[in-house]
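Okay, structure first, notes after.
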Amino acid sequence: GENVEQHPSTLSVQEGDSAVIKCTYSDSASNYFPWYKQELGKRPQLIIDIRSNVGEKKDQRIAVTLNKTAKHFSLHITETQPEDSAVYFCAASGSNFGNEKLTFGTGTRLTIIP
Amino acid sequence: NAGVTQTPKFQVLKTGQSMTLQCAQDMNHEYMSWYRQDPGMGLRLIHYSVGAGITDQGEVPNGYNVSRSTTEDFPLRLLSAAPSQTSVYFCASSPRESTEAFFGQGTRLTVV
């Protein structure tokens with residue numbers, strides 16, 4: 001089955017700086033890669049996703065890049081703000097539509113230092 | 001729409017007891033899934049369903065049963081609770097051909 005590794009497990013950055021979280025996956029058939037943000041005590045919520053036919057996707061301060069050859073994808077957050085503090089999870093799926101069985105990474109706890 | 005609703009929010013069980021975690025969605029989503037979240041391990045898929053009457057196992061199915069008799073409901077049954085099943089359980093749903101899975105608020109289960 002699919003295996004997703006995520007690094008780092010914790011990350012602290014100064015407010016205004018950029019944060020990068022990296023994930024690798026094992027199954028070359030995976031074709032859908034979402035990122036979820038989970039605030040303390042809350043449910044995970046999708047922040048951005050990318051499909052395998054796209055190399056990069058951007059949404060305001062958040063971007064995701066995908067390298068299918070190397071089987072890794074990354075989340076980039078620019079101009080970080082205190083509300084970006086949360087746990088971020090990457091995931092991968094090889095399903096046709098991608099949502100019923102996601103394999104998650106172990107999470108990155110991001111702390112923004114004011 | 002209420003979205004994805006899980007009940008209960010908190011539960012304490014004794015070892016060996018059985019119980020059902022409820023999950024209901026009012027968005028007419030075809031896909032539903034159950035995950036458990038443990039510290040340092042992310043979310044792991046327990047069971048999933050692609051439609052009423054269809055279920056399949058995920059990564060960690062042992063000790064759990066599911067059924068999907070209606071589109072709206074996807075209950076998760078613990079047959080004989082064990083301390084290793086202490087976790088936070090999330091139910092998720094998504095429509096076919098969508099890019100987002102919607103999660104419930106979670107059920108924190110403690111088995112003593």
Side-chain angles (χ1 to χ4, degrees), chain A residues 1-10 21 23-27 30-54 57 59 64 66 75 86-109, chain B residues 2-7 9-10 23 25 27-52 54-61 66 68 71 74 87-108:
Chain A
E2 174 66 277
N3 181 53
V4 177
E5 295 189 358
Q6 183 172 348
H7 300 280
S9 57
T10 60
I21 302 170
C23 290
T24 60
Y25 62 98
S26 61
D27 189 348
S30 289
N31 56 17
Y32 173 64
F33 307 93
W35 287 87
Y36 283 82
K37 176 183 180 181
Q38 186 178 31
E39 297 176 352
L40 188 63
K42 301 286 184 64
R43 71 191 77 189
Q45 291 192 298
L46 181 72
I47 55 171
I48 196 167
D49 57 10
I50 193 168
R51 291 203 176 269
S52 60
N53 57 349
V54 176
K57 184 177 178 180
D59 183 3
V64 57
L66 171 65
L75 177 71
V87 179
Y88 291 80
F89 293 96
C90 62
S93 173
S95 299
N96 287 337
F97 303 109
N99 294 311
E100 78 277 17
K101 46 177 184 173
L102 296 167
T103 300
F104 284 86
T106 51
T108 295
R109 182 174 300 278
Chain B
V4 181
T5 302
Q6 290 183 236
T7 55
K9 291 184 179 179
F10 303 94
C23 176
Q25 52 93 7
M27 298 174 283
N28 202 33
H29 287 172
E30 292 92 340
Y31 296 164
M32 296 187 76
S33 308
W34 276 103
Y35 295 87
R36 60 177 288 174
Q37 184 174 31
D38 302 293
M41 301 190 74
L43 293 100
R44 291 181 293 169
L45 182 65
I46 305 171
H47 286 285
Y48 65 97
S49 169
V50 297
I54 306 169
T55 64
D56 207 343
Q57 296 181 349
E59 179 185 356
V60 288
V66 292
R68 185 97 180 270
T71 299
F74 191 43
S87 187
V88 179
Y89 291 84
F90 285 99
C91 177
S93 75
S94 62
R96 192 186 302 271
E97 297 185 41
S98 169
T99 58
E100 181 169 3
F102 294 85
F103 283 82
Q105 78 275 30
T107 295
R108 183 174 295 275

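The analysis underlying the following values was restricted to heavy atoms, covering all of them including side chains, and did not include hydrogens, waters or symmetry mates. Lettering follows sequence order; numbering is per chain, from 1.
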### Query
Where do B:Val4 and A:Arg43 come nearest, in terms of heavy atoms and distance?
O-NH1, 4.0 Å
### Message
Is B:Gln105 in contact with chain A via its backbone, its side chain, both, or neither, using a 4.5 Å heavy-atom distance?
### Response
both
#### Entry: Least distance between heavy atoms, B:Phe90 atom then A:Pro44 atom
CE2-CD, 3.8 Å
### Task
Measure the spacing between CZ of B:Phe103 and OH of A:Tyr36 and express it to the nearest 0.5 Å.
5.0 Å
### Message
Shorter than 4.5 Å, heavy atoms on both sides: which option in B:Asp38, B:Leu43, B:Leu45 has the most such pairs with chain A?
### Response
B:Leu43
### More than 12 heavy atoms from other groups under 6.0 Å of CD1 on B:Ile54
yes
### Query
Judged by modelled atom types alone, do A:Gln38 and B:Gln37 share a side-chain donor-acceptor pair under 3.5 Å?
yes
### CG-CD distance between A:Leu46 and B:Glu100, expressed to the nearest 0.5 angstrom
4.5 Å
### Query
Say you draw a straight line from CD of A:Glu2 to CD of B:Glu59; how long is it, rounded to the nearest 0.5 Å?
10.5 Å
### Query
Is there a donor-acceptor pair under 3.5 Å between the side chain of B:Tyr48 and the backbone N or O of A:Leu102?
no
### Query
Does A:Arg109 CZ have over 12 foreign heavy atoms under 6.0 Å away?
no
